[in-house]
Amino acid sequence: MSTFQLEQTYSNFINGEWVKAASGKTDASINPANRNEVVGHVPASGVEDLNQAVAAAKAAAKSWRKLTGAERGNFLFQAANVLERRANEVAEAMTREMGKTFPEAKGETMRGVAILRYYAGEGMRKTGDVIPSTDSEALMFTTRVPLGVVGVIAPWNFPVAIPIWKAAPALIYGNTVVLKPAQETAVTAAKVLECFEEAGLPAGVLNLVCGKGSVIGSAMAEHPDVNGITFTGSNEVGKRVGAAVLSRGAKYQLEMGGKNPVIIAADADLDLAVEGTISGGLKSTGQKCTATSRVIIERKVYDAFKEKLLSKVEEIRLGDGMSGESWMGPCASEGQLNTVLSYIQKGQDEGAILLAGGNRPDSPELAEGFYVQPTVFEGVKSHMSIAREEIFGPVLALMPVDSIEEAIELANDSDYGLSASIYTQNVGSMLSFIRDMDAGLVRINAETAGVELQAPFGGMKMSSSHSREQGQAAIEFFTAIKTVFVKS
Ligand SMILES: NC(=O)C1=CN([C@@H]2O[C@H](COP(=O)(O)OP(=O)(O)OC[C@H]3O[C@@H](n4cnc5c(N)ncnc54)[C@H](OP(=O)(O)O)[C@@H]3O)[C@@H](O)[C@H]2O)C=CC1
Ligand SMILES: O=C(O)CCC(=O)C(=O)O
């Protein structure tokens, strides 16, 4: 039974205290499945609030970095335990705030638990190497130090996993953190911070400031006491954040969009390929940077694949993510819905052929939500907007080819390079794909989405700033290497 309370007012978390925005202003967080439901009221903070959080994080950094990795890890283990206990409540907040189905939200929350445990363990792992010196009497080695204060700018599409996969490594390696969540999912962020508070994290080590990206996010990027910024979101904003951070000599990490292809080879298991295309392209209403959007099919199996795909798409049940009947929820916001509808229109205007969906559903019980039908186009050419730009919605573009070589060439004809997959039984095709596909994540007989927390994650080309998040790769961003030379 749900214990979630609607319309509560949430605060920022600064220096271990829940505090209102200095201006007293709040924004309403709306349920995208029903625009009339106010999930909660969240602070509409200003720069003054951010400055307080950064000052608290800077002060807390002095003692936090002096703890052993094991001591810092214990706090993360505790936070994981609390989050696990409160997983239903946190997942419900997520579903109500951004619309993904409750099972997906619960899965994401449990992924947050696993990420916390993974990085808690990292506190006990090595942080350097011994390197032979040319001086036989010297000891030379590397060690790592934290950056100081890290700013986390997070999106709304993974409102638990992304803030945690950025904050947990930052914390374990000795940094303190100011989190600016997407304003659309600030209630969920507040619930996650409650877990850290309950875990007894020292004051100032992790702070939350909710507010507009154009106010809090950009002030964070420019703040002289924020030593590193890790960002996930759109390319447009990411580039601006990166430029602002670079100009003051701090460190930045950007994870941005994708236009991820799946290749269906003539020898693919078509049922598996259809399942992977639907799951990769339409789960979370297509709102993943790793979502499948271009479906490149060898002509010999084009018709068979299309028929199977369309019959599965027809079975998809749209609805409120809190209902056990729903497979796909709404878009996360009205703005996102309008973006998706405008791309669907552009697809038609530019000459693509609509095979399924393309509209808002007409059933009256969905009228107050930001729903769009799962949509499939064919006749899509590589120059069309729906083949080039990130839509972030449930839209698939089918593109036939004559060979695997042509498929890989077409898959690479993109400004993005985040994830890509191929369905084939042929080892030669697999090896060509692994070698020639320009993407940070290449997957064989598996959907394009679905990141494992212990493996590096990040993209090529315009998809990222070329660093990697998660797994042990995270240490590269959240620390600086010191080379030590010791001689008695
Ligand atoms: N790679 C990914 O995972 C994601 C990609 N996107 C892409 O971006 C598109 C737009 O989504 P949107 O939510 O607007 O993405 P944004 O890039 O605007 O938002 C991502 C984060 O950046 C913040 N932000 C916004 N403006 C600034 C700024 N000027 N300086 C610093 N931070 C800022 C946002 O705050 P606020 O909450 O106030 O907007 C949010 O916390 C989507 O359609 C999708 O294509 C979006 C989300 C995730
Ligand atoms: O596919 C996933 O599990 C992660 C996707 C992601 O990082 C994103 O959409 O921002």
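Indexing begins at 1, ligand by ligand and atom by atom, following the structure's order.
- When non-hydrogen atoms are compared, ligand 1 lies under 4.0 Å from the side chain of Val241 (C-beta onward) but not from its backbone.
- Close contacts between ligand 1 and Ala182 involve ligand atoms 37 (O), 41 (O) [criterion: under 4.0 Å to a heavy atom].
- Remark: ligand 1 atoms within the under-4.0 Å shell around heavy atoms of Pro155 are 47 (C), 48 (C).
- If you number the atoms of ligand 1 from 1 as listed, the ones under 4.0 Å from a heavy atom of Glu390 come out as 5 (C), 7 (C), 44 (C), 45 (O).
- At a 4.0 Å heavy-atom cut-off, ligand 2 touches Arg111 through the side chain alone.
- The closest approach between a heavy atom of Phe392 and any atom of ligand 2 is not below 4.0 Å.
- Atoms of ligand 1 lying under 4.0 Å from at least one heavy atom of Ala154, given by number and element, are 21 (C), 40 (C), 41 (O).
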Open item on the list: Please determine whether ring-ring contact (aromatic ring centres under 6.0 Å, His included) holds for the pair Tyr118 and Trp165, giving the CA-CA distance in whole Å, both sets of side-chain angles, and the decisive distance to 0.1 Å.
Closed with: CA-CA 10 Å; Tyr118 176 87; Trp165 86 45; over 10 Å; no
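- Residue Ile153 has at least one heavy-atom neighbour below 4.0 Å for each of these atoms of ligand 1: 21 (C), 22 (O), 23 (C), 32 (N), 41 (O).
- If you look at Ala221 next to ligand 1, there are no close heavy atoms at all, none under 4.0 Å.
- Looking at ligand 2, you won't find any N or O of Phe158 less than 3.5 Å from one of its N or O atoms.
- Per-residue contacts place Met256 under 4.0 angstrom from the following atoms of ligand 1 (heavy atoms of the residue considered): 1 (N).
- Here the straight-line distance linking atom CZ of Phe457 with atom OG of Ser419 works out to 7.5 Å at 0.5 Å rounding.
- Residue contacts with ligand 1: Ser234 is placed with a nitrogen or oxygen under 3.5 Å of a nitrogen or oxygen of the ligand (distance criterion only).
- Considering backbone and side-chain N/O atoms, Gly217 never comes within less than 3.5 Å of an N/O atom of ligand 1.
- Proximity of Phe158 to ligand 1, defined as any heavy-atom pair under 4.0 Å, is not found for any part of the residue.
- Here Met220 has no heavy atoms under 4.0 Å from ligand 1, in either its backbone or its side chain.
- Taking atom 14 (O) of ligand 1 as the reference point, the nearest protein heavy-atom neighbour is Trp156 NE1, 4.9 Å.
- Residue contacts with ligand 1, taken as heavy atom pairs separated by less than 4.0 Å, involve Thr232 via backbone and side-chain atoms alike.
- The part of Arg240 lying near ligand 1 is the side chain, judged by heavy-atom distances below 4.0 Å.
- Of all atoms in ligand 1, listed by their number and element, those nearer than 4.0 Å to a heavy atom of Phe231 are 17 (O), 21 (C), 22 (O).
- Comparing Thr448, Leu441, Thr290, Asn157 against atom 5 (C) of ligand 2, the shortest heavy-atom distance belongs to Thr290.
- Looking only at heavy atoms of the protein, atom 3 (O) of ligand 1 is closest to Asn157 ND2, 3.3 Å.
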